[in-house]
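As structure tokens, the structure follows; a few thoughts come after it.
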Amino acid sequence: MSGKFSVKVLHVSPECAPLAKKGGLGDVVGALPRALRDCGIDARVLMPAWPGVLDTAREKFYLSVRPVAKVHVSLNWRVLSANVWRASVNKLPIYILENDELFSDAGIYPEDQNAESAESMIFLSYAAFELSHAINWKPVIIHAHDWPSAVIPSALRWHRHYKSMAHDFDTVFTIHNMAHQGLFKPEDLNGWGIMPEAFKAMAPGSLEFYGLVNLLKGAIDNSEAFTTVSPRYADDIQTRDGGKGLEGVVSSNAHKLHGILNGIDCTVWNPRIDKLIPVNYSSDDLSGKKKCREQIMREFGWEDDGRPILTFVGRLTEQKGVDIMLPALADFVPNFARTIIVGSGSEYFNRALSEFQSGREDSVHTVACFSEEDAHRAYAASDILLMPSLFEPCGLSQLIAFAYGTVPTARATGGLADTVKDADADNDGDGFLFYDYSTTGLCDAIERALAAKKDDARWHEIMLRGMKKDLSWRLSAEKYADLYKSIIDS
């Protein structure tokens, strides 16, 4: 690590693992800033104190004895305040905003987006500007993530007060999922301190989008640079299907768009040292993976007759391909394979999963909620990971599967197309891909994967190619560090 940090960067996010996590965003914000510090970047995080966050920080990591500061934000005609706590999580400085009224939702994200429900996210965003007044540290770049902090770049242009800080901060904005854009009514802007000019359709950097406020659009237009979490997704969001209505905005700003692939935290997702799996193993000695399988089979009451285990870990949503996955699995379970499914989602898909398991208990095991321990154990015990995503900005599950010697079978979209090579089409293949979003396409890929599994020597080679990949954040962090420096230099 560099002895002297050259650039100060504040990452602003509603979630940051391991303190608060709902999905991949939490993993990224928990790992990327740490990797950036190894590149000489003084990266830190600002996040809310959702229920349980301070307790976790106090019990498992270093948390300041008392708040280190207090920040005040004018919002919706009143002044709101929050205590600022400082935690050190695996040597990453994290500033945690405590306000029990604002940050009371353990689910983090509001079910309905409106001015009232978004108040917590707007406060979080504006607190990024106020933080440097409260502590002895000031970033030169604020790195915002997804719609909850997307107002940050626009506020430096349109906010009645914060526009005066436009020369104090540069901004980088990362799109983790284009489907969530932060859509609000025009009248919401006034309470947020945003000038009416921000809603003029023809104004440069306008937030107007078909009669609504679109925070994602504003962030794309007003940030110094914006990124996606894989190179392929950077291309996808410039198309009609991937752009979700903003493809024209993205294309017109393509000169400042960067697709940088996510990594995984190899101190967490590593079968060599993983404390959540029954037996550790590595690419040098795979015997532990077999024992992980044996252990989970005993727990489920399954007799091991050699059938491969197919696993799915993730949210039960249409985006993740659940609507084509369950009918595809019905073709292979129970005769040719068993399956483990870890995740939760809408009531519709939860019910569909329950119906799928009914009568197949000897071959299907489901965990109808996201469980960190069950996810680790499923990756370790399984042979094949299923990722039949409708779209996938990056995907972390396939990277984790590689690390655990579990071969991905995935749809060639977004980050999946960037990271998985088809073993039937490439001599260096490490997985199996399909292109058409259909049950038939997925069935074909599963059939090819199961055929390869019958050839022990070939399967061993496919597994090892994935396990020997550099899946860490090192290369990606270097690209972000170069981006920050180029912004400052320009």
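Sequence positions, counted from 1, serve as the residue numbers for this chain. It should be emphasised that the depicted structure is a prediction, and the values quoted were computed from it without experimental measurement.
- No donor-acceptor contact under 3.5 angstrom links the side chains of D146 and N177, judged on distance only.
- With hydrogens and angles ignored, the 3.5 Å screen pairs no side-chain donor or acceptor of Q181 with any backbone N or O of W147.
- S125 places a side-chain N or O within 3.5 Å of a backbone atom of P148 that can act as its donor or acceptor partner.
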(message) Walk me through whether D265 and R34 qualify under salt bridge (charged side-chain N to carboxylate O under 4.0 Å, His left out).
(response) CA-CA 10 Å; D265 187 341; R34 278 197 291 120; 2.3 Å; yes

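- Residues S81 and E130 have side chains not in contact (no heavy-atom distance under 4.5 Å, counting atoms from C-beta outward).
- Enclosure of atom CD in E111 is not indicated, since only 12 or fewer non-hydrogen atoms of other residues, nucleotides or ligands lie within 6.0 angstrom.
- In K163, the NZ atom is not crowded: 12 or fewer heavy atoms of neighbouring residues, nucleotides or ligands sit closer than 6.0 Å.
- A distance of 7.0 Å separates OG1 in T227 from NE2 in H176, rounded to the nearest 0.5 Å.
- Two residues are said to be in side-chain contact when any heavy atoms from C-beta on lie closer than 4.5 Å; K138 and D168 meet this criterion.
- Taking OG of S476 as the start and CD1 of I264 as the end, the distance is 11.0 Å to the nearest 0.5 Å.
- At a threshold of 4.5 Å between non-hydrogen side-chain atoms, the residues N222 and F173 do not count as touching.
- Atom NZ of K60 is surrounded by 12 or fewer heavy atoms from other residues, nucleotides or ligands within 6.0 Å.
- Checked by atom type and distance alone, the side chain of T311 pairs as donor or acceptor with a backbone atom of I340 at under 3.5 Å.
- Side-chain atoms of K217 and S154 form no donor-acceptor pair, as typed in the model, at a separation below 3.5 Å.
- Between F226 and P153 there is no side-chain heavy-atom pair separated by less than 4.5 Å.
- Side-chain contact check for P14 versus M121: some heavy-atom pair is nearer than 4.5 Å.
- When the shell of 6.0 Å around NZ of K256 is examined, it contains more than 12 heavy atoms from other residues, nucleotides or ligands.
- By the 30° and 60° cut-offs, the orientation of the rings of Y162 relative to F129 is tilted.
- Y480 and H143 have their aromatic ring centers within a separation under 6.0 angstrom.
- Y126 is linked by a side chain to side chain donor-acceptor pair (under 3.5 Å) to nothing, counting only residues two or more places apart in sequence or in another chain.
- Within the 4.5 Å cutoff, the side chain of P48 has no heavy atoms near those of the F123 side chain.
- Aromatic ring orientation, H145 versus H11: parallel (interplanar angle below 30°, classes split at 30° and 60°).
- Taking the six-membered ring where tryptophan is involved, the planes of Y281 and Y404 are perpendicular, since the angle between them exceeds 60° and thus also 30°.
- Within the 4.5 Å cutoff, the side chain of I220 has heavy atoms near those of the V250 side chain.
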